[in-house]
Amino acid sequence: MKLKEKLAEKIPAVQARYKGLIKEYGANKIADVTVAQCAGGMRGIKSLLTDISYLDPNEGIRFRGYTIPETLEALPKREGAEIPLVGGFYYLLFTGEIPTLEEAEEVEAEWKARGKVPQYVFDVIEAQGKDTHPMTLFTLGVLSMQRESKFAAKYAEGMTKAEYWEPMFEDSMNMMAKLPAIAAYVYRFKYYGDKPAPSDPNLDWGSDFANMMKIENLEYRELAKLYFILHSDHESGNASAHTAHLVASTLSDAYFGWAGGLCALAGPLHGLANQECLKWIMGLMDKFDGVPTEEQIDKFAWDTLNSGQVIPGYGHAVLRKTDPRYTSQREFALKHCPDDPVFKTVSVVYKVVPDILVKHGKAKNPWPNVDAHSGVLQQYYGVKEYDFYTVLFGIGRALGVTANLTWDRAMGQPLERPKSITTDMLEKLAKGE
Ligand code: CMX
């Protein structure tokens, strides 16, 4: 396929640049580490390398150098569609080039050809039972497919390092192709006790997810594509992408890597915040019986903070302004559901909460992140089961993660192994002893 050929063309130069950098400048310093960084979650330490995306604290994410509006503008769309093909976006993440419609369609066609999920994946999900959290069901589904790994099989046969990226790419394509069907299965099984709609060969990857979910409103197809693109990548240091990179740096495959990443995504400080967010908004609306006033939100937010909880959907480890992923979803809502009471509530929350967080004085960033807006749109189209939302995040984030894992192999990135020290050692270093 063209995407694979394009990668094969690009890899030697990138690899030579990477190896050359280490060889020529390997001993040069690029940063120092403070006591706070060592003891406090490694915030901001420049220690990961990726060209897939970059997160500027003030500007937000750029995918291969393109901002979100630029990405949505530049990528090819099918006739009549509002949002570009996710297959074309995947091409951009891998190659750094805007594909033609034909190139985007080729990725879509490959996904279609590789999309059939083995029955044992569904058996694993059903064996867990409906009471299990959807992220557990989804993660188990992904992990169960590890036995299909081309990378693991080739590694067992024996291959050279230069060949590593190829089976990683194949695993990435195979896994991406199946994630929407697995997620739709989890959704229908857990909440409705039935099966997803059959895949429609005429629909693109994102729209087919909406179809398999059995969401009738056709606008949800556009939202699905937008959602997956927006959640795809946030450079490499976020917990889910970093976990996947770490796991796969041991030369385990993309299934092991992404199952690990999904476990990190399932925490409330990361991907699970999207479920917590809508739960918080619905709690707010229940308490005040509809769209609350600014005064009512003020009280509710302070009650949350005073009870020791965080306000979900606000704050970020890197960003220092409103997340452009929030803005993009807000624009979609303004176009498609401006009168929805939940959207109206989220809009008033946006007016009130940043000031409260500033007064509270703890959060370094008082502005909303991606999770503050995603649930509103989901519930509007009928996906009201908010504990499912992190699964949606898990489909989207896999796009960036698998592109990174393939490039990690292509560049020959090694096993990740930072150094830990003891508290005694840190004290001595801190005091300059
Ligand atoms: N509400 C209340 N307190 C908050 C807060 C919020 N939304 N955001 C940060 N704080 C607090 C932190 O808990 C921390 O308190 P302590 O000093 O008592 O530990 C303090 O402010 C400083 O935190 P920070 O340096 O600003 O933020 P971190 O890098 O430590 O954490 C994040 C970032 C996102 C985990 C944090 O802002 C948060 O908990 N937000 C709410 C949960 C959320 O929306 N997570 C989703 C993030 C996006 C994603 O990954 O999906």
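Small disclaimer: the values here were computed from a predicted structure and weren't measured. When a ligand or atom number is given, it counts from 1 through the structure's own listing order.
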How many angstroms lie between atom CD of E235 and atom CG of N404, to the nearest 0.5 angstrom?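 Separation between the atoms: 10.5 Å.
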Looking only at protein heavy atoms, which one is nearest to [atom], and how far off is it?
atom                    : value
atom 16 (P) of ligand 1 : K362 NZ, 4.0 Å
atom 26 (O) of ligand 1 : K364 N, 2.7 Å
atom 6 (C) of ligand 1  : I311 N, 3.7 Å
atom 27 (O) of ligand 1 : H316 O, 4.5 Å
atom 50 (O) of ligand 1 : H270 ND1, 2.6 Å

Answer whether the closest heavy-atom distance between the side chains of T95 and R64 falls below 4.5 Å.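 Side chain of T95 against side chain of R64, heavy atoms only: no contact under 4.5 Å found.
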Answer yes or no: is there a side-chain heavy-atom contact under 4.5 Å between L284 and V349?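 Yes. Closest side-chain heavy atoms under 4.5 Å.
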Numbered atoms of ligand 1 (with element) below 4.0 Å of [X], judged on heavy atoms:
X    : answer
R43  : 28 (P), 29 (O), 30 (O)
D371 : 46 (C), 47 (C), 48 (C), 49 (C), 51 (O)
G313 : 43 (C), 44 (O)
F393 : 51 (O)
A273 : 43 (C), 44 (O), 45 (N), 46 (C)
L305 : 1 (N), 2 (C)
L269 : 35 (C), 39 (O), 45 (N), 46 (C), 47 (C)

Is the shortest distance from [atom] to a protein heavy atom below 4.0 Å?
atom                    : value
atom 33 (C) of ligand 1 : yes
atom 23 (O) of ligand 1 : no
atom 19 (O) of ligand 1 : no
atom 14 (C) of ligand 1 : no
atom 2 (C) of ligand 1  : yes

Answer yes if the side chains of E82 and H336 hold a donor-acceptor pair under 3.5 Å, and no otherwise.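 Short answer, yes.
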Between S236 and H242, does any side-chain donor sit less than 3.5 Å from a side-chain acceptor?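 S236 vs H242: no donor-acceptor pair found between side chains.
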With a 4.0 Å heavy-atom cut-off (strictly under), which part of N238 contacts ligand 1: side chain, backbone, both or neither?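 For N238, no heavy atom sits under 4.0 Å from ligand 1.
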Salt-bridge present (R78, E105; N to O < 4.0 Å):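 Salt bridge flag = yes for E105 with R78.
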Could D303 and K299 be called an ion pair, given the rule that one side-chain N must be under 4.0 Å from one carboxylate O?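 K299 and D303: salt-bridged.
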Hey, does V370 come in under 3.5 Å of ligand 1, counting only N/O atoms on both sides?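 It does not: no N or O of V370 is found under 3.5 Å from an N or O of ligand 1.
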Any N or O of A363 that comes nearer than 3.5 Å to an N or O of ligand 1?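 N/O-N/O distance under 3.5 Å: yes.
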Please verify whether a non-hydrogen atom of L357 lies at under 4.0 Å from ligand 1.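 It does; at least one heavy atom falls under 4.0 Å.
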Could you tell me if the ring centre of Y191 sits under 6.0 Å from that of Y187?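 Yes, ring centres under 6.0 Å apart.
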Is the distance between the ring centroids of Y54 and F63 under 6.0 Å?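 Not under 6.0 Å, so no.
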For E166 and R409, what are the C-alpha separation, side-chain angles and deciding distance, and is it a salt bridge (Lys or Arg N to Asp or Glu O under 4.0 Å)? CA-CA 9 Å; E166 265 194 75; R409 289 285 191 272; over 6 Å; no
Kindly assign one of parallel, tilted or perpendicular to the pair F343 and H373, based on the angle between their ring planes and the thresholds 30° and 60°.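 Rings of F343 and H373: tilted, 30 to 60°.
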May I ask you to decide if the ring planes of Y185 and F122 are parallel, tilted or perpendicular, using 30° and 60° as cut-offs?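 Y185 and F122: parallel rings.
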Output all residues satisfying salt bridge (charged side-chain N to carboxylate O under 4.0 Å, His left out) with E110, sequence neighbours left out; order by chain, then residue number.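 Salt bridge (charged side-chain N to carboxylate O under 4.0 Å, His left out) list for E110, sorted by chain: R114.
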Can you tell which of G315, A372, P268, G361 gets a heavy atom nearest to atom 42 (C) of ligand 1?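 Closest candidate by heavy-atom distance is P268.
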Out of Y314, W367, W280, indicate the one that has the non-hydrogen atom closest to atom 40 (N) of ligand 1.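 The nearest heavy atom belongs to Y314.
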Mind running salt bridge (Lys or Arg N to Asp or Glu O under 4.0 Å) on R221 and D204 for me, showing each step along the way? CA-CA 9 Å; R221 296 178 177 183; D204 65 84; over 6 Å; no
